[in-house]
Every structure is written in structure tokens, then in C-alpha cells.
Amino acid sequence: MSQKHPRISKAVIPAAGLGTRFLPATKATPKEMLPVVDKPAIQYVVEEAVAAGLDDVLMVTGRNKRPLEDHFDRNYELESALANKGDAERLAKVQESSDLATMHYVRQGDPKGLGHAVLCAAPHVGDEPFAVLLGDDLIDPRDPLLQRMIEVQEVYGGSVVALMEVEPEQIHLYGCAAVKPTADSDVVQVTGLIEKPDPAEAPSSYAIIGRYVLDPHIFDILRRTEPGRGNEIQLTDALQQLTQNHSATADAAGGPVHGVVFKGRRYDTGDRGDYLRAIVRLACEREDLGPDFRNWLKRYVAEEM
Ligand code: UTP
């Protein structure tokens with residue numbers, strides 16, 4: 001593969017949203033810390049970044065940031081208690097999250113939107129392309145998406161978003177992309193973007209999901225982006241600007257925008273229904289818990305439903 005563009009090494013994980021869909025659980029705990037089986041959702045996301053070769057991780061946190069930082073830090077008291085008991089298995093589990101990646105944190109004082117959260121990463125990221133992984137979006141590790149997006153960015157340059165086809169009645173929950181095909185069957189060029197459109201206005205059924213590989217030019221655009229839908233600074237609005245810049249002049253800074261069409265398994269752990277589905281599915285597939293849990297689930301469905 002050609003290496004025309006700098007290799008991506010940094011991941012940014014916005015985790016400063018209010019998580020209102022999950023109240024009251026998220027009153028004092030970030031939603032990203034809610035457990036999916038026995039690991040907080042955010043650990044799956046950091047593991048995904050590391051699996052894609054990104055071990056410099058910047059987390060954008062807000063209020064209630066302590067549990068996030070503590071989870072990826074050492075806990076000497078717990079470690080020595082487990083070591084004294086000779087419980088090597090649990091000790092390894094405790095140490096796993098602190099050994100995963102080089103973690104950095106920046107605080108988004110006011111949750112002014114996803115675009116504003118990404119802008120908070122500008123001083124850390126500098127002038128290189130970088131990945132953004134939403135802390136509440138869980139991509140099944142068996143369906144690697146981020147690696148493919150990085151490959152696509154290396155070949156096409158510019159920025160890359162992740163797209164998933166959704167039912168028309170679901171599109172108002174997402175950013176939606178107008179697209180045209182490329183020579184690669186899983187890659188489209190994005191010609192326009194609209195945040196949470198009414199189904200009648202949606203240019204396609206392609207929804208943007210929570211993975212991005214962004215050109216650093218996005219920061220300049222975000223600085224000029226006015227609050228949009230929900231009075232928040234929307235990343236989708238800045239990306240829309242990037243698609244328009246690029247169509248205006250062939251070599252405009254920051255463009256083009258491509259989309260990788262994802263057909264794998266993905267859960268929005270910020271949504272209660274999807275969160276429950278993620279837990280049931282991942283628990284069923286676990287070697288240690290799966291056999292017992294599946295048997296119980298079968299009986300439950302047969303007898304109670
Ligand atoms: P959501 O749209 O899910 O919003 O944010 P939210 O506030 O977290 O949750 P609800 O809708 O109130 O339940 C998408 C992603 O953007 C981050 C969130 O943490 C989440 O990962 N985000 C959003 C920020 O980091 N800062 C913001 O100002 C807004």
C-alpha cells in the first residue's frame with residue numbers, strides 16, 4: 001500500500017457528554033463506565049484503538065471524570081491485596097487496563113457538543129491526522145473497522161467517516177451522508193452531510209457511526225463552526241464544511257471526505273436497549289459465562305415470554 005500520508009498514531013475519545021438517556025445511573029458516573037458484562041464500555045473502546053495500532057490515547061472528559069482516569073491508572077492497594085492472596089488471575093485483570101496505552105486527559109469545561117469536544121484535543125494532536133472513537137459506541141472486536149478506516153485514509157488522504165445503513169425511520173437519530181461510489185466496494189465519497197435529518201430530507205440511508213479518522217484541518221473549521229442542532233457545536237457540521245471546501249477547489253485543505261461502509265456488529269451503549277443487547281450477546285459468547293447464561297436464557301424465554 002502507498003504511504004503518501006503520515007502514519008496515524010493518536011486516538012481521541014470524547015467522553016464528556018451528559019449521558020441523559022441513562023439517568024439516574026449517570027448522575028454521578030460517566031456512562032462510559034457502565035459495565036458491559038464485567039468491563040466498563042470505555043475499556044473496549046481503548047482496546048479497539050490499541051488493536052488498530054494507536055497507543056497514544058487522549059480522553060476528553062467532563063464532570064465526573066475521576067472514575068475514567070482511575071480505571072486506566074494503577075490501583076496499588078487492590079493490586080497488593082490480590083498479590084497477597086495469590087490471586088494472579090484477578091491481578092492480571094486489574095493491571096490490564098493500566099498497561100493498555102499511554103493515556104492523556106483534557107477537560108471539556110462545558111459540554112458544548114461533540115465538535116467542541118474534538119476541538120479540545122487540538123493542542124495534543126497538533127498537525128497530524130488522528131482517529132476519534134466515541135466512548136459510548138462499541139464495535140465488536142471481531143469486525144475491525146478502525147484498521148480499515150486508517151488504510152482508506154492512507155490511500156485517499158483527507159478524512160474518513162464510518163457509515164452504516166439504517167432503516168429510514170432510524171436516520172433522524174444520526175448524521176446522514178450523501179455519497180457517490182468509488183472503485184473500492186466498501187468505500188464511498190461523501191458529498192454532503194446533515195445532522196439528524198427528518199426521514200423526508202435524508203439524502204441516503206447511510207448513518208455516521210462513532211468512528212472517524214480526521215485531517216487536522218478540521219480544527220480550523222471547528223473554531224469557526226457556530227452551534228447547530230441542539231445548540232451544540234456539531235462535528236457533522238464541520239465535516240459538511242470539509243466536503244464543500246473540497247468540491248470547490250480540488251486541492252482545498254483538509255478534504256476529501258470518504259466513508260467506510262461498515263456491516264459488522266456495533267452497539268450504542270449510551271442507548272438503554274442497545275446496551276442490554278450488547279450485554280446479552282457478549283455474555284452469551286463468553287467462554288467462561290456463556291454456557292450457563294445461554295441455558296438460563298433459553299429457559300427464561302421458553303417459560304416467561
Ligand atoms: P451523545 O450524543 O451520545 O450525547 O454524545 P451524551 O450527552 O453523551 O448522551 P445523551 O444523549 O445525553 O444520553 C456522543 C458522544 O460525544 C461525547 C459523548 O461523551 C459521547 O461519547 N460528547 C458529547 C462530548 O464529549 N462532549 C459533548 O459536549 C457532547
Side-chain angles (χ1 to χ4, degrees), residues 10-34 36 40-49 57-69 71-72 103-125 130-139 145-146 161-162 164 166 170-176 193-197 207-212 214 218-219 222-223 225-239 266-276 278:
K10 290 179 182 162
V12 173
I13 304 185
L18 293 175
T20 55
R21 285 170 293 166
F22 244 112
L23 284 169
T26 47
K27 184 178 172 193
T29 307
K31 68 175 165 182
E32 292 80 4
M33 284 304 295
L34 297 178
V36 177
I42 191 77
Q43 188 174 332
Y44 293 86
V45 178
V46 174
E47 285 171 354
E48 183 191 339
V57 175
L58 175 75
M59 209 169 277
V60 184
T61 63
R63 79 214 198 299
N64 307 333
K65 66 166 185 168
R66 273 295 291 278
L68 286 164
E69 289 195 11
H71 185 71
F72 293 99
M103 302 297 298
H104 306 269
Y105 300 90
V106 63
R107 189 109 187 214
Q108 183 190 17
D110 232 346
K112 292 189 215 159
L114 177 58
H116 181 254
V118 170
L119 186 54
C120 294
H124 180 81
V125 167
F130 62 104
V132 173
L133 297 87
L134 297 197
D136 56 357
D137 224 335
L138 209 154
I139 303 289
L145 167 63
L146 193 57
V161 297
M164 202 164 177
V166 299
Q170 295 283 307
I171 199 75
H172 71 281
L173 300 170
Y174 297 90
C176 176
L193 288 165
I194 169 165
E195 181 64 18
K196 300 193 168 83
I208 307 179
I209 57 171
R211 299 292 178 269
Y212 306 80
L214 299 176
I218 196 81
F219 295 130
L222 282 168
R223 281 185 197 103
T225 301
E226 296 289 329
R229 207 179 163 97
N231 205 26
E232 293 192 338
I233 297 174
Q234 298 286 354
L235 181 59
T236 307
D237 292 346
L239 283 164
R266 172 238 172 208
Y267 309 96
D268 173 4
T269 56
D271 171 82
R272 288 170 302 172
D274 236 18
Y275 173 76
L276 292 174

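The shown structure was predicted, so the numbers you read here are calculated from the model rather than taken from an experiment. For the numbers below, each heavy atom of this structure counts, side chains included, while hydrogens, waters and symmetry mates do not. All ligand and atom numbering here is 1-based and tracks the order in the structure. Heads up: numbering here begins at 1 and tracks the sequence.
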Student: Which heavy atom of the protein is the closest neighbour of atom 7 (O) of ligand 1, given with residue, atom name and distance?
Tutor: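 Answer, as residue, atom name and distance: Leu18 N, 2.9 Å.
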Student: Please state which protein non-hydrogen atom is closest to atom 25 (O) of ligand 1 and give its distance, to 0.1 Å?
Tutor: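 For this ligand atom, the closest protein heavy atom is Ala16 N, 2.9 Å.
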Student: Which atoms of ligand 1 sit under 4.0 Å from any heavy atom of Pro111?
Tutor: 28 (O)
Student: Heavy atoms of the protein only: does one fall short of 4.0 Å from atom 2 (O) of ligand 1?
Tutor: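 Within 4.0 Å of atom 2 (O) of ligand 1, no protein heavy atoms are found.
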Student: State whether any protein heavy atom lies less than 4.0 Å from atom 22 (N) of ligand 1.
Tutor: yes
Student: As an exercise, identify every atom of ligand 1 less than 4.0 angstrom from a heavy atom of Gln108.
Tutor: 24 (C), 25 (O), 26 (N), 27 (C), 28 (O)
Student: Please report which non-hydrogen protein atom sits nearest to atom 16 (O) of ligand 1, along with the residue it belongs to and the distance in Å to one decimal place.
Tutor: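 Closest protein heavy atom to atom 16 (O) of ligand 1: Leu114 CD1, 3.5 Å.
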Student: If the plane angle is over 60° it's perpendicular, under 30° parallel, otherwise tilted; pick one for Phe219 and Phe130.
Tutor: parallel
Student: With atoms numbered from 1 as shown, which atoms in ligand 1 lie under 4.0 angstrom from a non-hydrogen atom of Glu32?
Tutor: 19 (O), 21 (O)
Student: Provide the number and element of each atom of ligand 1 under 4.0 Å from a heavy atom of Ala15.
Tutor: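 Counting from 1, the qualifying ligand atoms are 19 (O), 25 (O).
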Student: With heavy-atom distances below 4.0 Å as the criterion, list the atoms of ligand 1 near Gly135.
Tutor: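 Near Gly135, meaning under 4.0 Å from one of its heavy atoms, ligand 1 has 21 (O).
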Student: With a cut-off of 6.0 Å (strictly less than), are more than 12 heavy atoms of other residues, nucleotides or ligands near CZ of Arg107?
Tutor: yes
Student: Closest heavy-atom contact between Ile209 and Asp137?
Tutor: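 Minimum heavy-atom contact is C-OD2, 3.9 Å.
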Student: What atoms of ligand 1 come within less than 4.0 Å of a heavy atom belonging to Ala117?
Tutor: 24 (C), 25 (O), 26 (N)
Student: Run the side chain to side chain contact (heavy atoms under 4.5 Å, CB included) check on Leu173 and Asp271 step by step: do they pass?
Tutor: CA-CA 11 Å; Leu173 300 170; Asp271 171 82; over 6 Å; no
Student: Just to confirm my output: which protein heavy-atom neighbour is closest to atom 15 (C) of ligand 1, and how far is it?
Tutor: Leu134 CD1, 3.9 Å
Student: Could you tell me which atoms of ligand 1, counted from 1 in the order shown, lie closer than 4.0 angstrom to a heavy atom of Asp136?
Tutor: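 Per the distance check, 3 (O), 20 (C), 21 (O).
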Student: Specify the protein heavy atom at minimum distance from atom 19 (O) of ligand 1: its residue, its atom name, and the distance to 0.1 Å.
Tutor: Gly17 N, 2.9 Å
Student: Does the side chain of Leu276 come within less than 4.5 Å of Arg272's, by heavy atoms?
Tutor: no
Student: Considering non-hydrogen atoms only, spot the tightest contact between Asp136 and Lys31 and give its length.
Tutor: OD2-NZ, 2.6 Å
Student: Is Arg211 close to Glu48 at the side-chain level, that is, under 4.5 Å between some pair of heavy atoms?
Tutor: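 Yes. Closest side-chain heavy atoms under 4.5 Å.
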Student: Considering only heavy atoms from C-beta outward, does the side chain of Thr269 approach that of Tyr275 to under 4.5 Å?
Tutor: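 Yes. Closest side-chain heavy atoms under 4.5 Å.
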Student: Closer than 4.0 Å to some heavy atom of Lys112 - which atoms of ligand 1 meet that?
Tutor: 28 (O)
Student: Do any nitrogen or oxygen atoms of Thr20 lie less than 3.5 angstrom from nitrogen or oxygen atoms of ligand 1?
Tutor: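 In this structure, Thr20 places an N or O atom under 3.5 Å from an N or O of ligand 1.
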Student: Purely on distance, is any nitrogen or oxygen of Phe22 under 3.5 Å from one on ligand 1?
Tutor: no
Student: For the 3.5 Å polar cut-off, considering only N or O atoms, please tell me whether Gly270 and ligand 1 meet it.
Tutor: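 In this structure, Gly270 places no N or O atom under 3.5 Å from an N or O of ligand 1.
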Student: How far is atom 13 (O) of ligand 1 from the closest protein heavy atom, and which atom is that?
Tutor: Arg21 N, 2.8 Å
Student: Rounded to the nearest 0.5 Å, what's the gap from NZ on Lys10 to CG on Leu58? Could you check?
Tutor: 9.0 Å
Student: Is the CZ atom of Arg63 crowded by more than 12 outside heavy atoms at less than 6.0 Å?
Tutor: yes
Student: Taking all non-hydrogen atoms of both residues into account, name the closest pair between Val60 and Cys120 and its distance.
Tutor: CG1-CB, 4.3 Å
Student: To check you understand the geometry: which heavy-atom pair defines the closest contact between Val118 and Pro14, and what is its length?
Tutor: CG2-CG, 4.5 Å
Student: Determine, for Asp274 against Arg21, whether the closest basic-nitrogen to carboxylate-oxygen distance falls under 4.0 angstrom.
Tutor: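 No salt bridge links Asp274 with Arg21.
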Student: Could you identify the single nearest non-hydrogen protein atom to atom 28 (O) of ligand 1 and state the distance to 0.1 Å?
Tutor: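 It is Gly113 N, 2.8 Å.
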Student: When you measure from atom 8 (O) of ligand 1 to every protein heavy atom, which one gives the shortest distance, and what is it?
Tutor: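 Checked against all protein heavy atoms, atom 8 (O) of ligand 1 sits closest to Lys31 NZ, 2.8 Å.
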